K.L.:
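First the structure, which I've put down as structure tokens, then a few questions once you've had a look.
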Amino acid sequence: LSTGKIPIFTNSRASKPSLTLRQIMEVLWFAGVALGFLAIVAGGIQLKWIEHHSLPIAAAKWQNAAEAISRDYGLHRSVRLRQSRYPSMLATWGVLNPTILLPNSAGEWSDERIRVVLSHEIAHVRRRDWLVQMVGEGFRTIYWFNPLAWMMCTRLCQESEQSCDDSVLHRGVSGPDYAGHLLDLARSLNTRRPLWKHAVLMARQSTLKRRFRAIL
């Protein structure tokens with residue numbers, strides 16, 4: 001006898017919810033942010049490693065020049081001068097304990113080049129350019145999908161270098177002499193390594209053409 005019940009047929013395969021476009025975009029954004037901050041952390045570790053394997057500069061002419069320039073700039077923080085074992089490193093980083101890393105050939109520099117380089121690098125320290133650029137890097141990492149964020153970081157780098165160039169020129173260095181020092185440094189220093197986006201560079205090749213026009 002029929003019970004009068006209508007049989008119910010169910011699909012043995014459970015339906016899987018599909019990802020929406022918004023969820024896919026969120027995953028891609030998070031992956032980009034994670035990779036960006038991982039690169040920043042890795043760059044910081046590299047800087048610490050390089051600093052650890054560098055040597056402090058205790059020569060009187062370097063220390064005296066750094067102290068005199070710091071006084072002229074009204075800078076009350078002490079600046080650590082260190083010399084790399086490699087010929088291609090010239091960079092500045094740090095806020096509370098700013099560090100200027102010089103190439104191993106710095107011991108052969110003339111007094112004028114010492115004054116030019118330290119005037120430029122200590123100007124970065126006074127302006128806290130490393131901190132500003134790291135904040136910019138963090139902003140670009142969060143908004144990595146927006147071309148304006150990349151343009152902002154590029155412009156920050158250009159403006160900071162040009163401002164420090166002006167500081168050197170205001171200390172009495174002539175434009176042609178300063179441009180000559182920059183050109184010589186750009187030829188001898190390798191500033192294309194990935195590490196260097198985490199430090200402030202004096203002779204970044206991507207900014208030289210614009211800076212030469214402004215200096216001369």
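Since we're looking at a predicted model, the values are computed, not measured. All values below were derived from every heavy atom in this structure, side-chain atoms included, with hydrogens, water molecules and symmetry-related copies excluded.
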K.L.:
Checking salt bridge (charged side-chain N to carboxylate O under 4.0 Å, His left out) for the pair R113/E108: CA distance, chi angles, key distance, verdict?
P.N.:
CA-CA 10 Å; R113 177 158 297 184; E108 303 171 0; over 6 Å; no

K.L.:
Return the CD to CG distance between E67 and L75, rounded to the nearest 0.5 Å.
P.N.:
11.5 Å

K.L.:
Closest approach of V125 and R77, non-hydrogen atoms and distance?
P.N.:
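Nearest heavy atoms, V125 then R77: O-NH2, 2.8 Å.
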
K.L.:
To the nearest 0.5 Å, what is the distance between CZ on R140 and CG on N146?
P.N.:
12.0 Å

K.L.:
Where do N104 and S84 come nearest, in terms of heavy atoms and distance?
P.N.:
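Here N104 and S84 meet closest at CB-O, 3.2 Å.
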
K.L.:
With side-chain contact (heavy atoms from CB on, under 4.5 Å) as the criterion, how do W130 and T92 come out once you've worked through the C-alpha distance, each side chain's angles and the decisive distance to 0.1 Å?
P.N.:
CA-CA 7 Å; W130 182 81; T92 299; 5.9 Å; no

K.L.:
Within a strict 4.5 Å, meaning less than it, do heavy atoms of the H52 and K48 side chains meet?
P.N.:
no

K.L.:
Go through the steps to decide whether S163 and R127 satisfy the test side chain to side chain donor-acceptor pair (under 3.5 Å), and finish with yes or no.
P.N.:
CA-CA 9 Å; S163 178; R127 289 167 40 86; 3.0 Å; yes

K.L.:
Kindly compute the distance separating OG (S105) from CD (Q83), expressed to the nearest 0.5 Å.
P.N.:
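If I round to the nearest 0.5 Å, the distance is 8.0 Å.
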
K.L.:
Which atom names give the shortest non-hydrogen contact between I122 and A66, and what distance separates them?
P.N.:
CD1-O, 3.7 Å

K.L.:
Please name the pair of heavy atoms, one in K61 and one in G107, separated by the smallest distance, quoted to 0.1 Å.
P.N.:
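In this case the closest contact between K61 and G107 is NZ-O, 4.5 Å.
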
K.L.:
Would R211 and Q162 satisfy side chain to side chain donor-acceptor pair (under 3.5 Å), going step by step from the backbone distance to the final call?
P.N.:
CA-CA 6 Å; R211 292 166 65 189; Q162 197 161 332; over 6 Å; no

K.L.:
I'd like to know whether Q133 forms a side-chain contact (heavy atoms from CB on, under 4.5 Å) with E137, so could you lay out the CA-CA distance, the side-chain angles of the two residues, the decisive distance to 0.1 Å, and finally the verdict.
P.N.:
CA-CA 6 Å; Q133 292 189 22; E137 286 290 332; 5.6 Å; no

K.L.:
Give the minimum heavy-atom separation between S167 and Y73, together with the two atoms involved.
P.N.:
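Closest heavy-atom pair between S167 and Y73: CB-OH, 3.6 Å.
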
K.L.:
Would you call the rings of F139 and Y143 parallel, tilted or perpendicular if under 30° counts as parallel and over 60° as perpendicular?
P.N.:
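Answer is tilted, since the angle falls between 30° and 60°.
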
K.L.:
Rounded to the nearest 0.5 Å, what's the gap from CD1 on I40 to CG on L35? Could you check?
P.N.:
11.5 Å

K.L.:
Show, in sequence, the C-alpha distance, side-chain angles and deciding distance for L102 and S54, and conclude whether the side-chain contact (heavy atoms from CB on, under 4.5 Å) test is met.
P.N.:
CA-CA 9 Å; L102 299 152; S54 63; over 6 Å; no

K.L.:
Is the shortest side-chain heavy-atom distance between H120 and L182 below 4.5 Å?
P.N.:
no

K.L.:
What's the spacing between L28 CG and M25 CE if we round to 0.5 Å?
P.N.:
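Here the interatomic distance stands at 6.0 Å.
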
K.L.:
Distance from I50 atom CD1 to Q46 atom CD, nearest 0.5 Å?
P.N.:
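Here the interatomic distance stands at 6.5 Å.
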
K.L.:
Could you go step by step and tell me if L148 and M152 meet the side-chain contact (heavy atoms from CB on, under 4.5 Å) rule?
P.N.:
CA-CA 6 Å; L148 293 177; M152 178 203 70; over 6 Å; no

K.L.:
Do you know which two heavy atoms are closest between W144 and T141, and how far apart they sit?
P.N.:
CD1-O, 3.2 Å

K.L.:
Between the side chains of R80 and E51, is the shortest nitrogen-to-carboxylate-oxygen separation below 4.0 Å, so that they form an ion pair?
P.N.:
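The answer is yes: the pair qualifies as a salt bridge.
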
